[in-house]
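Predicted model only: the values in this text are computed from it and were never measured.
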Amino acid sequence: MLFKRPLRRALLPLYLIASGMAFQPQVHAQAPSQRSTAEARQTKAGKRAVAATPKMAKHARTAAVAGAAGAGVVVAATAAAATAAAATAPKPPVPNTAEARLLNVIELVKRQELDAALRAAGELTSDVPNFRAAQLVYADLLRFKTGRATGWVNAPAAEVTELLTRNAVLDQAALAPAQEWQEQAHGLQKELQRRVHAYGVLPAAGSVPREFQQLDVSVRHAVAIDASKSRLYLFGNEKGKLRLIRDFYVSIGKFGMGKTAEGDQRTPQGVYFIGRQIPGPRLPEFYGKGALTLNYPNDWDRAVDRSGDGIWLHGAPPDQFARLPEASDGCIVLSNPDLILLMKTLDRQTPVLIRDKLQWAGAGERVQGQADDGFGRVLDRWQQAWKGADQQQLARMYVGAPAADRFPRARLTEFFRFADIGMQQLSVYSWKDAQGDIRIVDMQIGSARAGKSLPLRQYWRKSGGRWEVFSEEVRG
C-alpha cells in the first residue's frame with residue numbers, strides 16, 4: 001500500500017522543525033566525495049539490494065532484541081513548508097555507513113518521497129537490526145502509512161501496541177511499560193536531532209579547536225569531542241597542520257559533563273591522552289568490541305581534587321548499534337564499527353580534547369592567539385634557565401618543593417650538560433576552566449651528542465600573571 005497523497009504532502013521531520021533548520025549539509029573540511037569514499041571503505045552496509053515491501057514485516061521482529069520503542073520522528077507540518085523544504089533539498093548522502101543511510105531516509109522524508117523512505121528504512125533496519133534510531137524512523141513511517149497524523153509520542157498506548165505487534169516490530173511479550181518506552185523514545189528523538197544537526201552544521205574548512213595550540217608532526221592524529229553535538233572529530237596531522245578527516249556520533253555520561261568524583265556518572269572535560277588498547281574479548285560484552293583508555297584524572301584534575309578513574313572510549317553492547325546521547329557512566333561510547341576504526345587509527349599518547357562545546361579557530365586566529373599568549377617565550381626562558389643552570393630562575397618557574405619521583409630534575413640536569421641540547425617535537429595544548437588556566441606541554445629533550453632523548457610532559461599553571469610548572473614527568 002502506498003502512502004496516501006494528502007499525507008505525503010504534509011510530512012516533515014520533527015527535529016528539523018524544532019531546530020529551525022533544513023537538512024542541507026554544508027561543505028566539510030574534506031570534499032563530500034572524499035567523505036563518501038572513506039566511509040565506503042569502512043563498511044559493507046548498503047551494498048545489498050533488498051526487496052522492500054515483502055521483507056519489512058519479516059525483519060522488523062529484530063527490534064525486540066534491540067529494545068526499540070516508539071517516538072514521533074515524523075510529524076505533520078504545513079504543505080507549504082514541506083514544499084519549500086523539498087524545493088531546496090540537496091542530493092541525499094550516499095548510503096554507505098549506517099548513519100549515512102539513516103540520514104538518507106530522513107532526506108527522502110523531507111522531500112516527500114515517503115514510499116522510497118519506507119523502502120530505505122526497511123533495508124537499513126534489515127541490515128543493521130540493532131540500530132534503534134533507524135527502527136524508530138521505520139516504525140513511525142509504518143504508523144503514518146496507516147493514515148495516522150501523529151507519531152508515537154502523541155499516540156494512544158493501545159494504538160502503539162496494535163501497530164507494533166501487527167507489523168512484528170515487537171512481540172506482545174517484549175513491550176516495555178509505557179513510561180519506559182516513552183523515555184527511550186525521547187532519548188532516541190534527541191539522538192536523531194544530534195545526528196542531523198551534526199551533519200548539517202560542520203566546522204569551517206581549516207578550523208580546529210583552540211586548545212590544539214601546536215602539534216608536532218610526530219603526533220599523527222588528534223581527537224576532539226563536542227558533547228553538545230554528541231560528536232567526535234578525528235583529525236589527521238599533515239606536516240604540522242590538522243585536517244578533519246572523519247566525525248562520529250558518541251554518547252556521554254548520564255548526568256552530562258564535568259566529572260569531579262568517583263561514581264558521579266559524568267564525563268570529564270579537559271585534554272587527555274590515549275593510554276592502552278583493550279581488545280573486545282578481554283572485556284564484558286557491555287563494552288562492545290574494545291576500548292581505548294584515557295589518562296583521567298590527569299595531573300590538573302588531581303591538583304584541583306577531581307577523583308574517579310576508568311574513563312574510556314569504548315564500543316556499544318551487542319543489542320545496541322549506538323547508545324542514547326547521555327547514557328554512559330562517564331565514558332565516551334561509539335558504535336562498534338566506529339570504535340574499531342579508531343583502534344586501528346590512533347596511537348598511544350594521541351591527544352583527546354573533551355568539551356561541552358568546542359571552540360573553533362582558523363589558522364590565522366590561532367597564530368595570533370599564540371603570539372598574544374606569549375607562552376612560547378616562557379618555554380624559551382625555561383630552556384635557557386636549564387642550559388645556564390640558573391637555579392634562581394628555575395626556582396621561580398617550579399611550584400613548591402616537588403617530589404623527586406615526579407620531577408625528573410636529575411635527568412634533566414644530565415641532558416642539559418650537552419651544548420647542543422634543546423626542545424624537540426614540541427606540542428602545546430591549552431585548557432582553561434573555573435579552577436585556572438593551564439598549558440600541557442609534550443616534548444623531547446635531545447641532542448645529537450647525547451645520542452638519545454628524554455620524553456617529557458609538563459603541566460603549567462598561570463598564577464599571579466606568571467606561568468609555573470606544577471607537574472613534570474618522563475613519559476613512558
- prompt: Do the ring planes of H314 and W312 sit parallel (below 30°), tilted (30 to 60°) or perpendicular (above 60°)?
  reply: perpendicular

Min side-chain heavy-atom separation Y138-L118 under 4.5 Å: yes

query: Is D301 paired with K259 through a side-chain N to carboxylate O contact shorter than 4.0 Å?
result: no

field: Student check: side-chain heavy atoms of D299 and E473 closer than 4.5 Å
entry: yes

- request: Report yes or no: does N336 contribute a side-chain atom to a donor-acceptor pair with the main-chain N or O of A316 at less than 3.5 Å?
  value: yes

Nearest heavy-atom neighbours spanning I225 and L358: O-CD2, 3.7 Å

query: For the atom pair CG (L202) and NZ (K229), what is the distance rounded to the nearest 0.5 Å?
result: 9.5 Å

Residues D226, R194: salt bridge by 4.0 Å N-O rule: no

message: To the closest 0.5 Å, what do you measure between CZ (F470) and CD (Q458)?
response: 11.0 Å

query: Is any side-chain heavy atom of N298 less than 4.5 Å from a side-chain heavy atom of Y272?
result: yes

task: Spell out, as yes or no, whether a donor-acceptor pair under 3.5 Å connects the side chain of N237 to the backbone of V219.
output: yes

message: So does A261 get a backbone contact from the side chain of D264, meaning a donor-acceptor N/O pair under 3.5 Å?
response: yes

query: Does a side-chain heavy-atom distance below 4.5 Å link I438 with K432?
result: no

message: Ignoring hydrogens, what is the shortest heavy-atom contact between V217 and G240? Give both atom names and the distance.
response: CG1-N, 3.4 Å

query: Would a 4.5 Å heavy-atom cut-off, applied to side chains only, mark W300 and W460 as touching?
result: no

- prompt: Are the side chain of Q135 and the backbone of P129 linked by a donor-acceptor contact shorter than 3.5 Å?
  reply: yes

message: If we check side chain to side chain contact (heavy atoms under 4.5 Å, CB included) with I274, which of these qualifies: L342, T293, L313?
response: L313

query: Do Q112 side-chain atoms and V109 backbone N/O form a donor-acceptor pair below 3.5 Å?
result: yes

- prompt: Hey, is D442 close enough to R457 for a salt bridge, meaning N to O under 4.0 Å?
  reply: yes

- prompt: Just wondering, do E285 and P317 contact through their side chains at under 4.5 Å, heavy atoms?
  reply: no

Over 12 non-hydrogen atoms of neighbours within 6.0 angstrom of NZ in K289: no

message: Regarding R266 and E326, does a basic nitrogen lie under 4.0 Å from an acidic carboxylate oxygen?
response: no

query: Is the backbone N or O of A121 less than 3.5 Å from a side-chain atom of T125, with the two atoms forming a donor-acceptor pair by type?
result: yes

message: Under 6.0 Å from the ring centre and within 45 degrees of the ring axis: does the NZ or CZ of R195 meet both conditions for the six-membered ring of Y249?
response: yes

- prompt: What are the two closest non-hydrogen atoms of F235 and P209, and how far apart are they?
  reply: CZ-CD, 3.6 Å

- prompt: Do Q265 and D329 have side-chain atoms, one donor and one acceptor, less than 3.5 Å apart?
  reply: yes

message: Between D433 and G436 (side chain of the first, backbone of the second, donor and acceptor by atom type, cut-off under 3.5 Å), is there such a pair?
response: yes

field: Considering all heavy atoms, the nearest A98-F321 contact
entry: CB-CZ, 3.6 Å

- request: Answer yes or no: is there a donor N or O on one side and an acceptor on the other, between the side chain of R220 and the main chain of L346, under 3.5 Å?
  value: no

- request: Tell me yes or no: between the side chains of D338 and S335, is some donor less than 3.5 Å from an acceptor?
  value: yes

- prompt: Less than 4.0 Å between a side-chain N and a carboxylate O, is that true for D437 and K462?
  reply: no

- request: Can you see which heavy atom on M257 is nearest to which on P268, and at what distance?
  value: CE-O, 3.8 Å

- request: For E238, look at atom CD and say whether over 12 heavy atoms of other residues, nucleotides or ligands are found less than 6.0 Å away.
  value: yes

query: Would R132 and E191 pass as an ion pair if we require N to O under 4.0 Å?
result: no

- prompt: Is there a donor-acceptor pair closer than 3.5 Å between any side-chain N or O of T345 and the backbone N or O of L341?
  reply: yes

query: Do V208 and Y233 touch side chain to side chain, with heavy atoms closer than 4.5 Å?
result: no

message: How long is the straight-line distance from CG of L192 back to CD1 of I106, given to the nearest 0.5 Å?
response: 5.5 Å

message: So does G330 get a backbone contact from the side chain of T267, meaning a donor-acceptor N/O pair under 3.5 Å?
response: yes

query: Can a donor-acceptor pair be found between the side chains of Q435 and R306 at a distance below 3.5 Å?
result: yes

message: Pair N130, D319 - check side chain to side chain contact (heavy atoms under 4.5 Å, CB included), show working.
response: CA-CA 6 Å; N130 62 351; D319 66 334; 5.6 Å; no

task: Could you check whether the rings of Y429 and F273 sit parallel, tilted or perpendicular, using 30° and 60° as the cut-offs?
output: perpendicular

query: Which heavy atom in S251 sits nearest to a heavy atom in S328, and how many Å separate them?
result: OG-N, 4.1 Å

query: Does a side-chain heavy-atom distance below 4.5 Å link P337 with T97?
result: no

